[in-house]
Each structure stands twice: as structure tokens, then as C-alpha cells.
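I have placed the structure first, in the form of C-alpha cells, so that the comments after it can refer back to it.
Labels below follow one simple rule: chain letters A, B, ... track the order of the sequence lines, proteins then strands, and each chain is numbered from 1. What you see is a predicted model; the values in this text were computed from it and never measured.
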2 protein chains.
Amino acid sequence: MLKLTRKVEYSLIALRHMQGKSIDSVSSTKEIATRYNIPLEILAKTLQHMAKENIIEAINGPRGGYRIKAKLKNINLAEFFEKVEGPLGLSDCFYDANCMQIEYCNIRTPIQRINANMINMFRSMSVQDITN
Amino acid sequence: MLKLTRKVEYSLIALRHMQGKSIDSVSSTKEIATRYNIPLEILAKTLQHMAKENIIEAINGPRGGYRIKAKLKNINLAEFFEKVEGPLGLSDCFYDANCMQIEYCNIRTPIQRINANMINMFRSMSVQDITN
DNA sequence: TTATATCCGATATAAATTGTCGGATATATT
DNA sequence: AATATATCCGACAATTTATATCGGATATAA
């Protein structure tokens with residue numbers, strides 16, 4: 001319960017790795033996968049996804065790889081999690097009503113309050129706060 | 001990602017239900033399961049678990065059921081989640097080191113900071129804040 | 001004595017997460 | 001032009017976690 005996914009963790013590991021290098025040097029999937037003991041194919045998917053979201057930039061071909069494209073200071077954690085994993089919410093019912101309890105549920109509103117607190121908390125931290 | 005489990009949701013639904021009744025009246029598993037469309041056996045387990053944690057009290061026999069035992073005002077959400085689901089943490093590595101990345105991980109400390117923020121947020125709300 | 005309730009371990013099912021495979025496309029280097 | 005190294009990407013498989021079910025025991029009010 002309340003866990004981050006590997007995809008998010010791998011994304012942050014990769015970003016932190018890239019941030020430790022000079023601005024125009026690139027990092028290949030293999031380099032990062034080896035360095036942090038991450039399954040290559042998974043990391044590949046993860047990096048491709050971040051590239052589509054314009055967080056990082058892909059350089060094709062030999063000597064290619066990825067480098068940071070966005071200003072990490074300007075991406076808060078709530079945005080980042082949503083870019084990487086989709087909608088945030090303690091329960092699915094906030095964005096998808098397919099729940100047996102929905103009609104009778106007596107805790108939907110209260111849980112929305114916790115949810116709002118959680119999202120605010122994530123909004124108050126930038127990706128850079130994590131990768132620095 | 002970052003979801004509550006049904007067990008937690010069912011627990012809160014049941015508590016809120018009981019809180020809406022007079023202090024010494026009991027609510028049976030069947031009553032609650034029917035009312036909120038929750039699978040009976042699952043709810044039974046959930047309530048038994050809360051009884052073991054002294055959050056509620058079980059009355060055996062016919063006309064039995066459960067009633068609230070603890071002061072919900074004095075149980076914060078972090079405690080409550082831990083009683084119902086076990087240790088809280090955005091990653092398992094905070095209480096169980098069985099992770100391929102643990103030796104090389106470059107985000108453990110930063111994620112611990114997010115984690116601390118999250119737990120503080122849950123500490124700042126009582127179960128009663130939710131069930132009232 | 002009977003009916004209704006909790007109790008509880010074992011097991012099955014379903015869903016989500018995590019990881020693998022195969023083959024395509026892009027491009028720097030030789 | 002050929003080659004090697006890299007990203008790209010859909011389909012699929014395995015694993016883990018969460019959710020639900022089953023069977024039978026115990027407690028007690030009526």
C-alpha cells in the first residue's frame with residue numbers, strides 16, 4: 001500500500017544520474033542499467049517514456065543515449081508522478097467510477113480530503129529536490 | 001501506485017458506520033457488508049483484525065457484532081494504516097533491504113525525505129477526522 | 001437445543017506490477 | 001556502403017500483491 005512503482009524509482013535514479021554529468025553529455029540505457037543494476041529492457045521503456053514526456057531527450061545512433069531536457073526545478077512531484085504513471089489518487093474512484101461501493105460509499109469525501117493533502121505535499125517538492 | 005487497499009477502505013467504512021450509531025449498539029458483519037456492498041468474508045476478516053488491534057470490540061453470539069472501542073480522535077492515520085496494513089513506506093527498502101538496487105541506489109535518502117513528509121501528513125489527521 | 005454470530009487457517013482468483021522477447025529504425029564511424 | 005551501437009516499440013510472460021472464497025470451529029442469546 002502507498003508504494004511508488006519501480007518505474008518511478010528507475011526514472012528518478014536515471015535523472016539523478018544524468019544530473020551528475022555535464023549538461024551536454026549523454027547517458028546510454030546500458031550505462032545506467034549496469035551502474036544501478038536495473039533490468040535493461042525495463043529501463044529502456046522507462047527512458048523512452050520520459051523522452052516522450054519531454055523530460056529527457058533521446059540521441060539516436062552509436063554514442064547516443066539520453067540527456068535532461070526539462071528544467072527539473074519546474075516540475076513538481078505530483079506532475080512528475082502523473083507523467084510517469086498516470087493519474088494520482090488514493091482510490092480509483094476519483095477518476096474512474098468502477099467500484100462496487102460507489103453508490104453507498106460513506107468515505108469518499110473524507111478520503112478526497114486526505115488525497116488533496118497528499119497531492120499538495122507532492123506539489124510542494126520539485127523533481128530537482130530529489131535528484132540533487 | 002500510491003493507492004489505499006480495500007482493507008483500509010472497508011475498515012474506514014465500517015468505523016464510520018459504527019460511529020453513526022449510539023455508543024453501545026453493535027453492528028454485525030452482515031449488516032455492514034449488505035449496507036455497503038462489501039464481500040462478507042473479507043469484511044469479516046477486516047473487522048476481526050481491527051478487533052485484535054483493539055480499535056473495535058467483538059461481541060459473540062446471536063445479536064452480536066462489533067462496536068467501537070478506541071478513541072478514534074487519538075488514533076492518527078499513520079498509526080491506523082500501520083495497524084491495518086503493516087509498515088508504511090513509499091519503498092520497501094525502508095524496512096526490508098531485499099532490493100537489487102540497494103547497494104548502488106542514489107535516491108534512497110531523497111525518497112526517505114518524501115516519505116517523512118507523507119507520514120507527517122498522515123500523522124496530522126486522526127481517524128475521527130475521516131469518520132466524522 | 002438451536003440459531004446466529006464471531007473466529008481463523010488454508011486456499012483460490014484476479015489484478016497490477018515487473019520483466020522478457022523479437023524485430024524495427026536511426027546514425028556515427030570506418 | 002557496410003557495420004556496430006544505440007533508441008524504439010508492440011506483444012507477451014512471469015511474478016507479486018491484493019482480493020475473495022471455503023470449510024469448519026467456537027461463543028452465546030433466546
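Ile32(A) has its CD1 atom 16 Å from the C1' atom of dT5(D), to the nearest Å. Per the geometry, NZ belonging to Lys7(A) stands 19 Å off P belonging to dT16(D), to the nearest Å. Across the protein-nucleic acid pair, Asn98(B) atom CG and dT16(D) atom C1' stand 12 Å apart, rounded to whole Å. Protein atom CE of Met100(A) is 12 Å distant from nucleotide atom P of dA15(C), rounded to whole Å. If you take NZ of Lys3(A) and C1' of dT18(C), they are 16 Å apart, rounded to a whole angstrom. Residue Glu9(B) contributes atom CD, which lies 13 Å from atom P of dA18(D) at whole-angstrom precision. At whole-Å resolution of the value, CE in Met1(A) and P in dA18(D) are 9 Å apart. As a whole-Å value, the separation of Leu2(A) CG from dA18(D) P is 10 Å.
Hydrophobic clustering (side-chain heavy atoms under 4.5 Å, transitive across Ile, Leu, Val, Met, Phe, Trp, Tyr) keeps Tyr10(B) apart from Ile102(A). The hydrophobic cluster containing Ile68(B) does not contain Ile23(B), counting ILVMFWY residues as joined when their side-chain heavy atoms lie under 4.5 angstrom apart, directly or transitively. Clustering ILVMFWY residues whenever any of their side-chain heavy atoms sit less than 4.5 angstrom apart, transitively, puts Ile13(A) in a cluster other than the one holding Val26(A).
Here dA14(D) sits opposite dT17(C) as a Watson-Crick or G-U wobble pair (both hydrogen-bonding atom distances under 3.5 Å).
Using a cutoff of 4.0 Å between basic side-chain nitrogens and carboxylate oxygens, Asp92(B) and Lys3(A) are scored as salt-bridged. Looking at Glu103(A) and Arg108(A), no side-chain N of the basic residue comes within less than 4.0 Å of a carboxylate O on the acidic one, giving no salt bridge.
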Arg123(B)/Leu77(B) under side chain to side chain contact (heavy atoms under 4.5 Å, CB included): CA gap, chis, key distance, verdict
CA-CA 6 Å; Arg123(B) 282 217 188 96; Leu77(B) 280 185; over 6 Å; no
Query - Phe80(A) and Ile130(A): CA distance, side-chain angles, deciding distance, side chain to side chain contact (heavy atoms under 4.5 Å, CB included) verdict - result: CA-CA 11 Å; Phe80(A) 180 74; Ile130(A) 304 309; over 6 Å; no
Side chain to side chain contact (heavy atoms under 4.5 Å, CB included) assessment of Met18(A) paired with Ile32(A):
CA-CA 9 Å; Met18(A) 291 183 220; Ile32(A) 299 174; 4.1 Å; yes
| Should Ser91(A) and Glu9(B) be marked as a side chain to side chain contact (heavy atoms under 4.5 Å, CB included) after you check the CA-CA gap, both sets of side-chain angles, and the distance that decides it? | CA-CA 9 Å; Ser91(A) 295; Glu9(B) 293 178 350; 2.5 Å; yes
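For the segment residues 83-92 of chain B, the set of residues with a heavy atom within less than 4.0 Å of an atom of DNA chain C is empty.
Look at Tyr10(A) and you'll find a side-chain N or O under 4.0 angstrom from OP1 or OP2 of dG19(C).
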Short N/O separations, protein against nucleotides 4-11 of chain C, under 3.5 angstrom:
residue : atom : partner  : partner atom : Å
dT4(C)  : O2   : Pro62(B) : N            : 3.4
dA5(C)  : O4'  : Gly61(B) : O            : 3.4
dT6(C)  : OP1  : Thr29(B) : N            : 2.8
dT6(C)  : OP1  : Thr29(B) : OG1          : 3.0
dT6(C)  : OP2  : Thr29(B) : OG1          : 3.3
dT6(C)  : O4'  : Asn60(B) : OD1          : 3.2
dT6(C)  : O3'  : Asn60(B) : OD1          : 3.0
dC7(C)  : OP2  : Tyr66(B) : OH           : 2.6
dG9(C)  : O6   : Lys45(B) : NZ           : 2.8
dA10(C) : N6   : Lys45(B) : NZ           : 3.1

